[in-house]
Amino acid sequence: MTYPLTHRQYYEGLKAGKLLGLKCKNCGSYTVPPKICCAECGGTDVEVAQLSGRGEIRTFTVIRVAPEGFKAPYIVALAELEEGPWLMGNVDGLDPANTVEDITGKKVKVGHRVIPPTNYTAGEGVAVTFLLE
Amino acid sequence: MRRVAVVGVGMTKFGSSDKSQVEMFSDAAMEAINESNIRAKDIQALFLGNGLGDFEEGQMNMAPMCAAELGMPMDAPATRVEGACASASVAIRDAFMWVASGFYDIVLAGGTERATAMGTPLATRTFAMGSDSKYEGFNGITFPGAFAMVARLYANKYGISLEKLKERMAMVAVKNHKNGVKNPLAQFQKEITVETVLNSFIVADPLQLFDCCPFSDGAAAIVLASEEVAKRLTDKPVYILGVGQASNGPLYRQKDITRIRAREAAAAQAYKMAGLTPADIDVCELHDCFTIAEIVASEGLGFFAFGKGSEAVEKGETAIGGRIPINPSGGLKAKGHPIGATGAAQAYEIVKQLRGECGDRQVKGARVGMTDTLGGDFATVVNIIYGI
């Protein structure tokens, strides 16, 4: 079957300032990031949809011991989007070197950061970022 | 389906090793083979858990090398099994199925890992490869980071202050270190205090160094046989009463990660097959890769209500002598966590506990024990119930 939205197409969307996902014609749920079928009902009758790119932080951490290729400290969070799905992203605009206040429940807007290719990444990556509103 | 018994177990000391992964596994496996009163040539198949051998030693396809090292027959298939930190438990469950089905009578399973060879930055990176590389890896997520997010969500969801939760999480580490002192194969055999944990450096806020298991080298192995063969080989068979394995998608799809749904599904399978409930388990080795991980696992397995696991630790209900002793071996926290071997090391402890061979850390009168192993993005969970 034709892949509804590949990770490369999703990345290109983020780079163009758009958060793309799937809307299920069966159950109406949104699936972000994309996969081959609806994340809620498994249905394959889906269409590519643009989401609002707005959500709320549900939980977060400040990474102080980083994997090879990353420079600590930085913030990783899970946010619940207005349309329902949760998304992982880096919270920008705060100073993680100092104590970070509890940002749970804060409203955020989705952005992106291009990650240059390195070992074992299969090329360039695009990471979701969250900016506090 | 036939009944399947464990006839022998073996394990190396966990910590930092100069031995290769093949050598470590062979050490553990030969101990298990000797204990089983068989010879390597009697083994009909090997399932070997290994997570990151390629990165650790530049070694792929390690299973046939282990089989050859041990002197297993050429017509015995040897297969590497990878389920991140749950690799060895996936291997044991597969081995169980092959014997239960009647296809083989004697199968070797286990795992090996040499994580310290990578150093912390590469180990942190390669462990994080167990998350979704396209949609999480580029955010620099780490496993301490994933469980840090669990801890914060848990505190908010159940209305426990983060300060109180951290104190109870520290008590998990204190308990497991106390148990580790009584385990000669444990990586850490030193008691710590709540202050040790709370004064250690922050790895991924709110998790501190002593909330985290270490990087480790080590191996463990288990020989399984059909009931009929087992009765010929040993007078102390330990039976596999139930198995479960479940799978789930990445963290962001799981949403509320205070409940690890793959664990709930896997445990339900194991309890159903065994015809048992959480109240029937006398001793449990569960996946305490982080202190908060032990708390959520103790709830997911049904020992405590959701939101009550941290309180149970504070009351001593999970200590040896408590209502449900958890991780008498010291757990991943103190015993160590050579990822591909961990599930087999949990099986080693439960088998020894049920045979009454655990000395100072023995859970008195234990007849039914359970293992719980978690792999990757909370994506693979294996539960196995053993009994005598």
Side-chain angles (χ1 to χ4, degrees), chain A residues 6-8 10-11 14 31-35 39-40 57-81 84-91 96 99-100 102-105 112-116 118-122 124-130, chain B residues 54-55 118-157 161-162 200-209 212 215 248-258 290 292 377:
Chain A
T6 67
H7 81 281
R8 283 287 157 200
Y10 173 74
Y11 282 177
L14 285 171
T31 296
V32 187
K35 62 190 203 85
E40 295 299 326
I57 302 282
R58 287 285 166 257
T59 186
F60 72 99
T61 180
V62 184
I63 305 279
R64 299 200 182 273
V65 177
E68 194 170 271
F70 289 83
K71 199 165 180 298
Y74 52 89
I75 304 171
V76 176
L78 285 169
E80 181 173 359
L81 300 173
W86 288 33
L87 198 57
M88 186 179 286
N90 296 115
V91 179
T99 306
V100 175
D102 188 353
I103 52 172
T104 307
H112 78 280
R113 182 181 300 116
V114 174
I115 311 288
T118 182
N119 284 343
Y120 325 121
T121 60
E124 173 189 279
V126 182
V128 162
T129 58
F130 296 132
Chain B
D54 328 47
F55 291 96
M118 293 187 287
T120 296
L122 180 61
T124 304
R125 168 84 201 282
T126 54
F127 276 47
M129 289 177 179
S131 63
D132 184 334
S133 63
K134 301 182 301 298
Y135 304 129
E136 296 175 332
F138 290 117
N139 291 117
I141 187 61
T142 63
F143 275 97
F147 276 97
M149 290 197 288
V150 171
R152 199 179 291 278
L153 199 56
Y154 187 100
N156 284 338
K157 180 177 175 180
S161 73
L162 196 55
S200 61
F201 70 83
I202 296 176
V203 174
D205 181 26
L207 298 192
Q208 299 182 241
L209 180 67
C212 308
F215 293 115
N248 207 344
L251 294 180
Y252 54 85
R253 296 253 200 255
Q254 297 181 30
K255 300 185 177 179
D256 176 4
I257 49 178
T258 62
F290 303 96
I292 185 69
D377 248 11

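Predicted model, so just to flag it, every value in this text is computed and none were measured. Lettering of chains follows the sequences in order, A, B, ..., and the numbering in each one begins at 1.
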Fill in the blank from the handout: When rounded to the nearest 0.5 Å, the distance separating NZ of Lys255(B) from CG of Leu78(A) is 11.5 Å

Problem - Interatomic spacing from CZ in Phe138(B) to CD in Glu124(A) - rounded to 0.5 Å - result: 8.5 Å

Exercise for the section: For chain A, find which of Gly140(B), Gly137(B), Ala148(B) contributes the most heavy-atom pairs closer than 4.5 angstrom. Expected result: Gly140(B)

Problem - Greatest number of heavy atom pairs closer than 4.5 Å to chain B - which of Glu40(A), Met88(A), Glu80(A), Arg58(A) - result: Met88(A)

Problem - Phe55(B) portion near chain A, given a 4.5 angstrom heavy-atom threshold - result: side chain

Handout entry: Greatest number of heavy atom pairs closer than 4.5 Å to chain B - which of Tyr74(A), Phe60(A), Phe70(A), Tyr11(A)
Key = Phe60(A)

Practice task
Under 4.5 Å heavy-atom distance to chain B, tell me which part of Ala77(A) shows up: side chain, backbone, both or neither.
Solution key: backbone

Practice task
Verify, without hydrogens or angle tests, whether Tyr135(B) (side chain) and Pro33(A) (backbone) share a donor-acceptor contact under 3.5 angstrom.
Solution key: no

Exercise for the section: Keeping the roles fixed (side chain from Asn139(B), backbone from Ala127(A)), state whether a donor-acceptor pair exists under 3.5 Å. Expected result: no

Practice task
Go through the atoms of Phe127(B) and report whether side chain, backbone, both or neither lie under 4.5 Å from a heavy atom of chain A.
Solution key: neither

Fill in the blank from the handout: With chain B, the option among Asp102(A), Val76(A), Thr129(A) that has the most non-hydrogen atom pairs under 4.5 Å is Val76(A)

Completion exercise
Highest number of heavy-atom pairs under 4.5 Å with chain A among Thr142(B), Asp132(B), Asn156(B) belongs to Thr142(B)

Handout entry: Between Glu136(B), Met129(B), Gln254(B), Lys134(B), the one whose heavy-atom pairs under 4.5 Å with chain A are most numerous
Key = Lys134(B)

Handout entry: Portion of Thr126(B) that has a non-hydrogen atom of chain A nearer than 4.5 angstrom
Key = neither

Fill in the blank from the handout: If one checks every heavy atom of Pro34(A) against chain B at 4.5 Å, the contacting part turns out to be both

